[in-house]
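The figures that follow rest on heavy atoms only: side chains count, while hydrogens, waters and symmetry mates do not.
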Amino acid sequence: MQLPHATVISLADFEDEQLLTVKPTRTAGEYCWTCTSSTIRYCIQTYGLDACTYIDADLLFFADPSVLIEEMEDRSVLITSHRYSPAYDQSATSGTYCVQFICFKNTEDGMSALNWWREACLAWCYNRIEDGKFGDQKYLDDWPNRFSGVHELQHIGGGVGPWNIQQYDFSYRNGSLMGKELASGKDFPVIFYHYHGFRYAEADAFIPAPNYQLSKNDLKHIYSPYVKALTSVERELKEKRMSQQFHETVEIPRIRKSIRRMYKLYISGHFREFYHRSYFSR
C-alpha cells in the first residue's frame, strides 16, 4: 500500500530459533501473544530505539498519545490498568493490566522487564487460565513489585474499553472528545478506546461489544467514529483494488427469513446486539 510512515516487518525478519521451536505448540492467536515481547525487543535492538510502544490492532486514537508517554517521566515501563466496572471485573482471570498499550524504554530496567516477559511467554502462553497465568497478559499483574521503574498509567483517557465504559459519559467540546467519570464528575480527554470484541456481521452489520452494556451515548461518541474509520479504510482498499479478509463474519439468526428482524435491522438500525452500518451515520 506504499504507507509512508510504516515499516513493515515480516515474520521471517524476527522469528528466531526459540520462537520457531514453540510455534507448532501454539494456535495462531496464541503465537501472536507469544510474539508480542519478541517484536518489541526486535524493534529496539534492530533500529536502536530509545523506546518502543506496543499497541493492539483494535484501538482508535482520539487525541495525541504523547501525553501518556510523558506521564512515565524517568520510569522505564508503562502499563495500563483495565479499570474494570464492578459488573465486569475479570482481574482474577484476564489480569489487572491490559497489554493494549505498553511501552518499554531501552534502559537496564526496561530491558530487564522485557526480557523476563519474553522468556515467560516462550515457556507458557496459551488461551486458557492455568496456575495464575493467562496468555501473555496475567504476567503483568505483579510487575510494579517485581521490577524497578514500572509506572501504572494514571490518565483515565488512556485505556477506555467495553469493560469500563459504563463508568463514563462522553461529549465533544471544541472538537475534542471528552469523558466524564460519573462517580467523581472528573472530566478528561479521551486518548484512545479499545474496541475489544468488535465484529463484522452479515447484512452490512456489526456487533459492537458482545457481552458488555453500551449506552446510546457510547454508540454515538465512541463506536460511530470507529465504524466511519473502518469504512474509510475499506474504501481505500477498494480503490487500490485490494481484497479484504475479515477475521470472521457473524451470521444473524434467520435474518433473511424474518421480515421483523430485517425491518429492525434495516429501518430501526439495530436488532438485538447487531447494528447496521447506517445506524452509526445518523
- request: I would like to know whether Phe62 and Phe192 meet side-chain contact (heavy atoms from CB on, under 4.5 Å); could you show each step before the answer?
  value: CA-CA 6 Å; Phe62 292 89; Phe192 72 83; 5.7 Å; no
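- Taking all atoms of both residues into account, the shortest heavy-atom contact from Ser94 to Tyr84 is CB-OH, 3.6 Å.
- The side chain to side chain contact (heavy atoms under 4.5 Å, CB included) search around Arg118 returns Asp16, Gln18, Leu19, Ser37, Ser38, Arg41, Leu122, not counting sequence neighbours.
- With hydrogens and angles left out, the side-chain atoms of His194 and Gln100 include a donor and acceptor closer than 3.5 Å.
- Residues satisfying the salt bridge (Lys or Arg N to Asp or Glu O under 4.0 Å) criterion with Arg83, sequence neighbours excluded, are absent altogether.
- With side-chain heavy atoms closer than 4.5 Å counting as contact, directly or through intermediates, the hydrophobic cluster containing Ile267 also holds Tyr263.
- A donor-acceptor pair shorter than 3.5 Å can be found between the side chains of Glu15 and Tyr31.
- Not a single side-chain hydrogen bond (donor to acceptor under 3.5 Å, both in side chains) links Glu273 to another residue, sequence neighbours left out.
- Taking Ser10 as the reference, Asp13 meet the side-chain hydrogen bond (donor to acceptor under 3.5 Å, both in side chains) condition, with sequence neighbours excluded.
- Residues passing the side-chain hydrogen bond (donor to acceptor under 3.5 Å, both in side chains) test with Tyr275: none are found, sequence neighbours excluded.
- Contacts of Asp109 classified as side chain to side chain contact (heavy atoms under 4.5 Å, CB included), with partners at least two apart in sequence or in another chain: Ser76, Thr107, Ser148.
- Pairs passing the side chain to side chain donor-acceptor pair (under 3.5 Å) check and including a residue from residues 45-55, sequence neighbours excluded, read Tyr54-Asp56.
- Ala201 and Thr249 get closest at one heavy-atom pair: C-CG2, 3.6 Å.
- Between the side chain of Glu119 and the main chain of Trp117, no donor-acceptor pair closer than 3.5 Å is present.
- Considering only residues two or more places apart in sequence or on other chains, Asp142 meets the side chain to side chain contact (heavy atoms under 4.5 Å, CB included) condition with Arg146.
- Under a cut-off of 6.0 angstrom, the local environment of CD in Gln90 is crowded, with over 12 non-hydrogen atoms contributed by other residues, nucleotides or ligands.
- Applying the side-chain hydrogen bond (donor to acceptor under 3.5 Å, both in side chains) rule to Asn127 yields no partners; only residues at least two apart in sequence or on another chain are considered.
- Judged by a 6.0 Å distance limit and a 45° cone about the ring axis, Arg199 is not positioned over the six-membered ring of Phe206.
- Between Tyr97 and His82, the ring centre distance reaches or exceeds 6.0 Å.
- Under the side chain to side chain contact (heavy atoms under 4.5 Å, CB included) criterion, Glu130 pairs with Trp124, Arg128, not counting sequence neighbours.
- For Glu251, the CD atom sits in a loose shell: 12 or fewer heavy atoms of surrounding residues, nucleotides or ligands are nearer than 6.0 Å.
- Trp33 has its ring centre no less than 6.0 Å from the ring centre of Tyr126.
- Within the 6.0 Å centre-distance limit, the rings of Tyr223 and Tyr195 are counted as a close aromatic pair.
- Here the shortest heavy-atom pairing between His221 and Leu177 reads O-CD2, 3.8 Å.
- Shown here is Leu3, whose CG atom has more than 12 heavy atoms of other residues, nucleotides or ligands within 6.0 Å.
- Of all non-hydrogen atoms in Gln137 and Val99, the two that sit nearest each other are OE1-N, 3.1 Å.
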- request: Give the intermediate values and the outcome of salt bridge (Lys or Arg N to Asp or Glu O under 4.0 Å) for residues Lys180 and Asp169.
  value: CA-CA 5 Å; Lys180 179 186 289 290; Asp169 196 15; over 6 Å; no
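- Closest heavy-atom contact between Gly95 and Asp141: CA-OD1, 3.5 Å.
- Leu182 shares a hydrophobic cluster with no other residue; no ILVMFWY side chain has heavy atoms under 4.5 Å from its own.
- Within 6.0 Å of CZ on Arg282 lie more than 12 heavy atoms contributed by other residues, nucleotides or ligands.
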message: Go through it in stages, so that I can follow the logic: the residues are Glu181 and Ser184, the test is side-chain hydrogen bond (donor to acceptor under 3.5 Å, both in side chains), and I'd like the CA-CA distance, side-chain angles, deciding distance and then a yes or no.
response: CA-CA 6 Å; Glu181 188 176 33; Ser184 67; 2.7 Å; yes
